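Remember, it's a predicted structure, so these values are computed and weren't measured experimentally.
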2 protein chains.
Amino acid sequence: MKKKVLLKDIANQLNMSITTVSFVINGKAKENNISDASIKRVLDLVAELDYQPNSLAQSLRTGKTKIIGFLVDDISEPFFSGIARLIDEKASEKGYKILFSSSRNSTQKAIELLQIFRDRHVDGYIMALPEGLEEEIKKLVQTDAPVVLFDRYVPDLKTDYVIIDNQGSTEKATQHLIDNGYKNIAFVTIDTEQQQMIDRLSGYELAIKNNKLNPLILKIPYQNSLDSIKKVSEFLSTEKECDAVIFAANYICMDGLRAFRQMGINIFDDLAVVSFDDFELLEFCNPPVTAIAQPLEAIAENIMKIMLSKLNGTNKNTSSRQIVLPAILNIRGSSRGK
Amino acid sequence: MKKKVLLKDIANQLNMSITTVSFVINGKAKENNISDASIKRVLDLVAELDYQPNSLAQSLRTGKTKIIGFLVDDISEPFFSGIARLIDEKASEKGYKILFSSSRNSTQKAIELLQIFRDRHVDGYIMALPEGLEEEIKKLVQTDAPVVLFDRYVPDLKTDYVIIDNQGSTEKATQHLIDNGYKNIAFVTIDTEQQQMIDRLSGYELAIKNNKLNPLILKIPYQNSLDSIKKVSEFLSTEKECDAVIFAANYICMDGLRAFRQMGINIFDDLAVVSFDDFELLEFCNPPVTAIAQPLEAIAENIMKIMLSKLNGTNKNTSSRQIVLPAILNIRGSSRGK
DNA sequence: CTGAAAGCGCTTACAG
DNA sequence: CTGAAAGCGCTTACAG
């Protein structure tokens, strides 16, 4: 095994001090008046020996790791994995690496992961904040750690975040169903304090109220897919007059579709369907399912823009930024009207 | 911001040496004959101050980071994200953290990621080896770095790996179609040197040959989904007599299904379908699609077992292990016979 | 223009 | 039983 090349090795071979070599490598040669000749000699040897600085030593010394922690409920959900991928791309362009984690809906696990992030000295945190972490995150923000939330926000916490217009887009989707003649529209969501879910619900309620219809709401526990399927089935068996359903998130929609299959419900023939979050399976349904699509690219773009400006300290004193992006309603066969 | 507690702080407060405190914290108290009283005092104060050792310093000193690098083509493919999740669970149980990365089918990017892994001093590497990394990985293995491959292997490289019986399971799936009366069975795969794809193809060819049928093979470039869809469409337009298709991997199957939709082909009525890799969308197709399912849990289990034994140095001199696991054929409506 | 040296926060061989 | 000290590989204030 080839011995790792050290800064010292370079310095020795060139009869220079470690300092000089370090300055050159870190692009601080000019500020330190190092001669062009010296610069060239260093860079040449660095290239020749393929010198790679030890990032652990650098991090220990500088306190920076060039790592950003990314925490969501479940990285395998398409919305989160899509964001993850885009963020990863943008981060690598800037020399940052993302540490991905899923809390799998366990507050305990989420706290542990946050601890691991701190442990690993991540430079920044990007999170769709898991439930129960409100206090933890408050403490974190107080330490001036760069934190950017997305998907949801904490109402009484002043942080930077990027979300979409949950209320408005759900209201629009509900209105779309109403316009197409549906009168008994159910809203299936989870039993949660998460702000984005509350906003989606209120968007639905607003449209229902504006049209003087009756709300029909099912809240299922957030956790267990089998249980959710059962809850949806029971609900639909009871609410015979229901002619349309809005699922408040992709995983809820999946469970709903699973319930339909088990019950032999045909989308559209029996029931109109709209999903919050768009994902490919919806296009493969028969008929394809109408969905509210979140603008992944714009979300990721905004998250990274804020994060990078925080990391570069460009806006130490700027107040925090809240970005609210619009969502798109992709209308498909499942809601095409009676 | 609360100042970080250091080892020195603990030692000072207890009037002990740093050495003693360190021994206690690292569970080496007994071997170093430290008194029970001292042990208790240290542990109590550690708990009280919530002391967290600086992992960067530990890593720099010990050369271990407790991080395992995980590299695949695309972490958002269900097969890979499923493995990723299971491995992550098993790793955290043992105090390891996984660094996830996707090479997105770029050899260049894959080499960079490997470089990042080295840079970050990961303790081990778990990879579905991207194409073009054969030489890189050889060098890596020569340095005695713990490497476990999965999904595919490099024929002339002696490493530990965990794969499934690609040839046998594809042969069985092909035979299943033949048994159900299909005579013109196409095999759609990618144009690649990846060993697992070669094995799947040869399993198909074996069954075809054993039954004296004619092979019908389409190789599409690995990269572009739109292009793949077009290639599949053209192929099916030409090969009118084709009555069944086997897709050699989940992403190929997705593109195939997309092509079907565009062409108005009905699964089963027009064409029997079998997918290598099972994923939920297949169950939602009408009729549901037969698939060869890889045993995710067993794969992840074996990968981690090998990796951990390597990390613990339990089997420094043991020869490398090759694990070949069986796959399961989930028979559904798409291949139920003519 | 360049170098000697301190220090980031640990671990551990060595000495007593 | 416990402690002083070297060292992991860097960065950077300070001195000249």
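- A:Ile34 has its CD1 atom 11 Å from the C1' atom of C:dG3, to the nearest Å.
- Applying the ring pair (Phe, Tyr, Trp, His ring centres under 6.0 Å) criterion to B:Tyr222, with sequence neighbours excluded, gives B:Tyr251.
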Please list every donor-acceptor pair under 3.5 Å in which a side-chain atom of residues 62-72 of chain A meets a protein atom from a residue at least two apart or in another chain.
residue : atom : partner  : partner atom : Å
A:Thr62 : OG1  : A:Gln58  : O            : 2.8
A:Thr62 : OG1  : A:Lys64  : N            : 3.2
A:Thr65 : OG1  : A:Ile67  : N            : 3.4
A:Thr65 : OG1  : A:His121 : O            : 2.6
A:Thr65 : OG1  : A:Asp123 : OD1          : 3.3

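- Rounded to a whole Å, the CG atom of B:Asn12 is 13 Å from the C1' atom of D:dG3.
- The side chain to side chain donor-acceptor pair (under 3.5 Å) search around A:Gln322 returns A:Ser320, not counting sequence neighbours.
- Annotation: ring pair (Phe, Tyr, Trp, His ring centres under 6.0 Å) contacts of B:Phe80 (sequence neighbours excluded): none.
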Just by protein heavy atoms under 4.0 Å, how would nucleotides 9-16 of chain C read 5' to 3' in B, S and -?
BBBBB---
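- Residues passing the ring pair (Phe, Tyr, Trp, His ring centres under 6.0 Å) test with B:Tyr125: none are found, sequence neighbours excluded.
- For B:Phe117, there are no ring pair (Phe, Tyr, Trp, His ring centres under 6.0 Å) partners, not counting sequence neighbours.
- For the pairing with B:Glu131, the side chain to side chain donor-acceptor pair (under 3.5 Å) check across B:Thr107, B:Asn105, B:Thr192 returns one residue only, B:Thr192.
- By the salt bridge (Lys or Arg N to Asp or Glu O under 4.0 Å) test, A:Arg85 is found to be paired with A:Glu89, residues two or more places apart in sequence or in another chain being considered.
- Here B:Ser38 lies in heavy-atom contact (under 4.0 Å) with sugar-phosphate atoms only.
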Output the pairing pattern of DNA chain C as a dot-bracket string, 5' first, Watson-Crick or G-U wobble with both distances under 3.5 Å, | for cross-strand pairs, [ ] for crossing pairs.
|||.||||||||.|||
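- Rounded to a whole Å, the NZ atom of A:Lys30 is 12 Å from the C1' atom of C:dC1.
- Here the separation of C:dT12 from D:dC1, taken at their P atoms, is 22 Å to the nearest Å.
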